[in-house]
Amino acid sequence: MTGEHEPHDRTTGDRTTGEHPTGDRKTGDGTRAVRAGLPEPEAYAPALPGPAFAAHYHLPDGADLLQGPYTYGRDANPTWTGLERAISELESPDADAETVVFASGMGAISAVLLSQLGQGDAAVLPSDGYQLLAPLGERLRGYGIEVRTAPTGGDAQLSLLDGAPAADGGEPRPAKLLWIESPANPGLDVCDIRRLADAAHARGALVAVDNTLATPLGQRPLDLGADFSVASGTKALTGHGDVLLGYVTCRDPRLAASVRAWRKMAGGIPGPMEAWLAHRSLATLQLRVDRQAATALALAEALRDRPEVTGLRHPGLPTDPAHRLAAAQMRGGRFGCVVSFVLPDQEHAERFLAALRLVDDATSFGGVRSTAERRGRWGGDAVPDGFIRFSVGAEDPQDLIADVLRALDEARAPARGATGG
Ligand SMILES: *Cc1c(COP(=O)(O)O)cnc(C)c1O
């Protein structure tokens, strides 16, 4: 489909025609979310057209095979186009941008890393990011890419942009790509995206930000200087725990084209049904993230006074080490739905999780139904045995907090006769 030098067409999800579907780019987040990516109203047509199930499209003699817009189902699909436009409007309301959707967050992350990096390049990754970033970084090393890692907190990645001289005296390799995750999952540290992006750009490096936790309503990485905003739509973006999805948004059409070309080659495409469900979910994004962020803060405040709780983190908590920075670069008091904390040991954490009634013991986060898990059970994160990652849903705050405090009370002493497990 799209080559590097093609003019933008209507499959790319961009908005270079000057018309804006919400009419006015200054609309509020909720207004933008309910209308994002919708086609112009048409008599007797639905507001959000249903999923287009098509592996191929009619291509009569004379049809433009290169420009499409729709030729083969791995290249483009009208349901993706609508979703891609919607995400572009949310990630970048004030400047034209293009979005490329993927089958999962990892599809999107690997597309940026693998389309932008090659043998001999250097990349700086967070050491406390999503748990699959480390094995993916190992894979990149195997492809001859130098991967350097540092924690998110304290902007520690800054010191790795220039690189160090090699052991054999070889020249230091300046980074070609800086990967940021802020707030980082699951530890919830935050870095100064603008500061890191400026430093990376001064050295000619590209900057990608994993925006999964914040969602585009909570943070706009492209406004903060990033070249790519990348996210798992599986989490808060779609918010119902029933869809896997990922996306990459960027303003430079050449970067978008290279990511789109990678998707066509690697084939990590979302199904039309998933793309449609995701687009449908965006209409309630503001309602969900506002409610979930407010309840997350209330839960964090309720946990602050519990003696068995240590290491409590939530960027919205005024006493959190990341709060000042988060408040400066995140939007609308939307600090995400995740609260993390540590209980004394693995058994204590397991008793707590088992005692919860309104919270499912499950991984992932961002859904309307609260979930929590002992993160250490996966083995991929450097966290204590009693570390809990709690994802606050859309329940009534007082019900949820009461359930958590009751479960903490019950978890204090092992139940008599309990066999554990
Ligand atoms: C879940 C997650 C991913 C991976 O997304 P999938 O949709 O599960 O592939 C990437 N980054 C972060 C921060 C995540 O939480």
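Residues: numbered from 1 along the sequence shown. Whatever order the structure lists ligands and atoms in, that order sets their numbers, starting from 1.
- Side-chain N/O atoms of Gln219 and Asn211 include a donor and acceptor closer than 3.5 Å.
- For His56 and Tyr70, the gap between ring centers reaches or exceeds 6.0 Å.
- Of the residues Val209, Leu196, Ile193, Asp198, the one that meets the side chain to side chain contact (heavy atoms under 4.5 Å, CB included) test with Leu224 is Ile193.
- Here the CG atom belonging to Asp385 is positioned 6.0 Å from the CZ atom belonging to Arg374, to the nearest 0.5 angstrom.
- Between Ala283 and Val34, the closest heavy-atom pair is O-CG1, 3.3 Å.
- Two residues are said to be in side-chain contact when any heavy atoms from C-beta on lie closer than 4.5 Å; Ser232 and Ser104 fail this criterion.
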Could you pull out every N or O of ligand 1 that sits under 3.5 Å from a protein N or O, with the distance for each pair?
unit_1   : atom_1 : unit_2 : atom_2 : d
ligand 1 : 5 (O)  : Ser232 : OG     : 3.0
ligand 1 : 7 (O)  : Gly105 : N      : 2.8
ligand 1 : 7 (O)  : Ser232 : OG     : 2.8
ligand 1 : 7 (O)  : Thr234 : OG1    : 2.6
ligand 1 : 9 (O)  : Gly105 : N      : 3.1
ligand 1 : 9 (O)  : Met106 : N      : 2.9
ligand 1 : 11 (N) : Asp210 : OD2    : 2.7
ligand 1 : 15 (O) : Asn185 : ND2    : 3.0
ligand 1 : 15 (O) : Lys235 : NZ     : 2.6

